[in-house]
Amino acid sequence: VKTVISPITPVEGEYRTRRFQHVAGEEKTVTIHKEHGLRYRVDLEKAYFTPRLGTERLRVANLVVPGDVVFDMFAGVGPFALLFAKRGAKVVAVDKNPIAVRLMRENASLNRIDKIEILEGDAGQMAERYENFADHVIMNLPHTAHDFLKQAIWIAKDGGVVHYYAIASEEDLYGRDTAFVEEAALATGAKISFLYRGIVRSYAPHQYNIVIDFEVRKP
Ligand code: SAM
């Protein structure tokens, strides 16, 4: 261990970042994290990253087959997107935070991955250009992903699967977000079927990070 830091703010803001205080060793927030055989350069203060989603990333990676097209709407430094690309998917990965995008590009080179298009900007605004594009759409922005459900359905191909993440309270784990998905489907005219609902991790007392996978059928 070269550095010890401790968080002093919650994860906050549009870029989902937090501040740390230095505790011991070198004063830095940049490190290399290894996950599922890949190396990621992360800057804990400037771009979102958590190792606690590693098991979930592997679950989704195991549903992606070589040749699948994946659209990662909120890709961060690339831990979902680069894992899928490494396994032979064709990936488009978007993030609004320029520093996350720079790190994601560095991480693609670090792992010699080229089957990925990395774009900086608002995934909601980019959706228009990607109608019926993806076999899998990743929506890992759990506090506000519901605002982008219509765009995710638009990006999914007929038969494509959306992987939707949310923060839910234990009294109503899946009810509110199931309703959000159904409302978005109704508004777009797509038919959906729910494939999987699960708890990804505990988030706060009585709150969980959940995932809902649903298949999209286009008229
Ligand atoms: N998927 C990554 C991971 O597992 O580490 C990052 C997830 S992080 C919770 C959400 C990311 O979405 C942040 O990097 C943030 O900058 C980005 N973001 C927020 N709003 C966005 C938007 N409208 N379009 C694209 N990216 C956005």
Side-chain angles (χ1 to χ4, degrees), residues 7 9-19 29-36 38-61 64 70-86 89 91-108 110-111 113 116-130 133-134 136-152 154-155 162-168 177 184 200-204 207-211 213:
T9 67
V11 174
E12 57 197 4
E14 200 176 23
Y15 295 165
R16 311 307 299 148
T17 50
R18 73 194 315 180
R19 303 291 313 280
T29 52
V30 176
T31 190
I32 299 281
H33 178 74
K34 290 185 197 139
E35 186 179 286
H36 310 314
L38 297 180
R39 288 185 302 152
Y40 297 98
R41 192 172 163 79
V42 300
D43 184 333
L44 295 171
E45 215 165 54
K46 303 215 169 76
Y48 180 90
F49 182 79
T50 177
R52 293 183 65 207
L53 296 175
T55 307
E56 173 61 15
R57 293 193 261 266
L58 196 58
R59 182 189 75 82
V60 183
V64 174
V70 179
F71 194 104
D72 188 347
M73 295 178 79
F74 313 107
V77 303
F80 280 89
L82 290 165
L83 180 61
F84 305 153
K86 184 74 181 179
V91 181
V92 175
V94 180
D95 204 284
K96 210 170 177 180
N97 176 355
I99 298 177
V101 168
R102 176 172 56 72
L103 288 164
M104 183 159 37
R105 293 202 169 113
E106 285 178 27
N107 289 333
L110 195 64
N111 294 286
I113 292 170
I116 184 163
E117 188 178 356
I118 296 170
L119 303 171
E120 181 184 324
D122 184 314
Q125 287 175 8
M126 279 182 199
E128 204 181 327
R129 289 190 264 139
Y130 290 92
F133 177 77
H136 294 269
V137 183
I138 313 297
M139 300 187 76
N140 183 25
L141 184 64
H143 290 274
T144 48
H146 55 87
D147 290 336
F148 297 88
L149 271 165
K150 281 188 248 170
Q151 288 94 331
W154 175 267
I155 294 168
V162 177
H163 306 272
Y164 166 85
Y165 295 89
I167 304 297
D177 290 281
V200 175
R201 58 173 175 155
S202 65
Y203 182 76
Q207 286 196 310
Y208 291 91
N209 185 178
I210 59 153
V211 58
D213 292 350

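Each ligand, and each atom within it, is numbered from 1 in the order the structure gives. Side chains included, hydrogens not; waters and symmetry mates left out as well; all remaining heavy atoms used.
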As an exercise, identify every atom of ligand 1 less than 4.0 angstrom from a heavy atom of [X].
X	answer
Gly121	24 (N), 25 (C)
Ala123	22 (C), 24 (N), 25 (C)
Asp122	23 (N), 24 (N)
Phe148	23 (N)
Met73	25 (C), 26 (N)
Phe80	1 (N), 4 (O)

Of all protein heavy atoms, the one nearest atom 19 (C) of ligand 1 is Glu14 O, 3.2 Å

Give the ring-plane orientation class for His136 versus His163, where under 30° counts as parallel, over 60° as perpendicular and anything between as tilted.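 Parallel: the ring planes of His136 and His163 meet at under 30°.
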
Against ligand 1, does [X] come closer than 4.0 Å with any heavy atom?
X	answer
Ala75	yes
Pro79	yes
Gln125	no
Ala81	no

Answer yes or no: is there a donor N or O on one side and an acceptor on the other, between the side chain of [X] and the main chain of [Y], under 3.5 Å?
X	Y	answer
Asn107	Val77	yes
Arg52	Ser202	yes
Asn111	Arg39	yes

- prompt: Out of curiosity, Thr31 OG1 to Leu44 CG, how far, rounded to the nearest 0.5 Å?
  reply: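 Spacing of OG1 (Thr31) from CG (Leu44) equals 7.5 Å.
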
### Task
Just do the side-chain contact (heavy atoms from CB on, under 4.5 Å) check on Tyr164 and His146 with the steps written out, would you?
CA-CA 8 Å; Tyr164 166 85; His146 55 87; 3.4 Å; yes

**Message:** Applying side-chain contact (heavy atoms from CB on, under 4.5 Å) to Val92 and Ile155, what does each step give before you reach the verdict?
**Reply:** CA-CA 11 Å; Val92 175; Ile155 294 168; over 6 Å; no

Looking only at non-hydrogen atoms, the one of Asp95, Leu103, Leu141 nearest atom 17 (C) of ligand 1 is Asp95

Closest to atom 1 (N) of ligand 1 (heavy atoms only, candidates Tyr15, Tyr165, Phe49, Phe74) is Phe74

Q) By side chain to side chain contact (heavy atoms under 4.5 Å, CB included), which residues pair with Ile99, not counting sequence neighbours? A)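 Once residues adjacent in sequence are excluded, the partners of Ile99 under the side chain to side chain contact (heavy atoms under 4.5 Å, CB included) criterion are Lys46, Asn97, Arg102, Leu103.
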
Checklist entry - By side chain to side chain contact (heavy atoms under 4.5 Å, CB included), which residues pair with Glu45, not counting sequence neighbours? => result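 Applying side chain to side chain contact (heavy atoms under 4.5 Å, CB included) to Glu45 gives Arg19, Phe20, Thr29, Asp43.
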
Item checked: Identified ring pair (Phe, Tyr, Trp, His ring centres under 6.0 Å) counterpart of Phe148 within the set Trp154, Phe74, Phe71 ->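 Result for ring pair (Phe, Tyr, Trp, His ring centres under 6.0 Å) with Phe148: Phe74.
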
I want to know if ligand 1 touches [X] in the polar sense, i.e. an N/O pair below 3.5 angstrom.
X	answer
Arg57	yes
Asn140	yes
Lys96	yes

